[in-house]
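Here the structure is laid out as structure tokens; the discussion comes afterwards.
Hydrogens, waters and symmetry mates are skipped; everything else that's a heavy atom, side chains included, is used. Note that ligands are numbered from 1 as they come in the structure, with each ligand's atoms numbered from 1 the same way.
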Amino acid sequence: MSAIDNLPPLREVINTHELAARKSLGQNFLLDLNLTAKLARQAGDMADCDVLEIGPGPGGLTRGLLAEGARHVLAIEKDRRCLPALAEVAEHYPGRLTVIEGDALEIDPLSHLTPPIRVAANLPYNVGTELLVRWLTPPEWPPFWQSLTLMFQREVAERIVATPGSKAYGRLAVLAQWRSDARIVMQLPPGAFTPPPKVSSSVVHLTALPEPRYPADPAVLSRVVAMAFNQRRKMLRSALKGAAPDIEDRLQAAGLKPTDRAEQIPLEGFCALAREIAKG
Ligand code: SAM
């Protein structure tokens with residue numbers, strides 16, 4: 001029996017259900033239930049919230065979220081081998097866990113969730129950034145979620161919280177910090193996972209702001225920032241040549257120097273430029 005519930009330890013779960021980790025699915029499992037409970041606590045008070053979890057795997061974080069009092073957990077898992085193990089967790093917490101088998105990139109979870117909603121996940125590395133960008137760039141704000149508590153490779157986590165002028169500053173920093181407060185709340189060495197990945201990991205907690213810090217159209221901002229950082233060593237006037245025929249004028253109207261480079265531009269500057277470009 002484990003420390004946080006009366007279910008078997010995760011090593012036993014993995015052996016019983018023959019859940020040898022698959023690299024193609026980004027499977028690096030957390031088997032220490034004290035650690036998964038600690039990770040779950042980073043999501044904040046979940047007693048009145050539904051929690052969306054992507055990639056529950058054998059259920060370590062899922063069990064942490066339920067033991068820490070989540071009202072309801074909706075877990076989306078692509079690997080059907082994990083479903084019997086997750087069914088045992090669901091049975092242990094009647095009415096509090098729903099598991100959907102499928103690809104999180106294809107499934108719209110909203111019809112299964114009741115607000116307020118938090119998201120918590122030890123994300124599969126191959127889909128983590130894509131999901132984060134989708135959660136940050138819906139056309140309307142506030143989004144469906146109150147907070148995101150997500151495990152990333154440390155290098156990706158550092159890109160999310162990076163400030164202008166640093167090497168890590170780029171599209172992820174701008175999109176994340178435009179509409180949320182983002183901070184790193186936990187660091188985990190490779191040895192915390194089975195099998196250990198090559199790099200360290202970090203947990204990022206993002207809290208949705210009631211409204212974006214500066215006005216801008218999300219699609220335009222996203223496109224401009226992607227272009228600007230795609231050629232980050234170039235001056236803005238050449239990196240953004242394709243964004244508007246009169247890009248030098250637009251940059252100046254936004255208060256930016258055409259000779260600046262993307263990594264020097266603060267969030268406010270990108271939003272001003274997106275507004276100028278959106279004028280058509
Ligand atoms: N949450 C578990 C833990 O912390 O031990 C497993 C985390 S493991 C890093 C990532 C999990 O995401 C795996 O269980 C994998 O099968 C699942 N996964 C990978 N791609 C997925 C996708 N596109 N949609 C849903 N789940 C996915």
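Residues passing the salt bridge (Lys or Arg N to Asp or Glu O under 4.0 Å) test with Glu68 are Arg41, sequence neighbours excluded.
Ring centers of Phe270 and Tyr214: at least 6.0 Å apart, outside the cut-off.
Annotation for Arg232: atom CZ counts as buried by contact number, over 12 foreign heavy atoms lying within 6.0 Å.
Residue Leu273 forms a side chain to side chain contact (heavy atoms under 4.5 Å, CB included) with just one option from Ile265, Val220, Leu256, and that option is Leu256.
For the pair Asp48 and Arg71, the salt-bridge criterion is not met [side-chain N within less than 4.0 Å of a carboxylate O]. A salt bridge is absent between Arg11 and Asp32: the closest approach of a Lys/Arg side-chain nitrogen to an acidic carboxylate oxygen does not fall below 4.0 angstrom.
Pocket lining of ligand 1, defined as residues with a non-hydrogen atom under 4.0 Å away: Leu25, Gly26, Gln27, Asn28, Phe29, Leu30, Glu53, Gly55, Pro56, Gly57, Ile76, Glu77, Lys78, Asp79, Gly102, Asp103, Ala104, Asn122, Leu123, Pro124, Val127.
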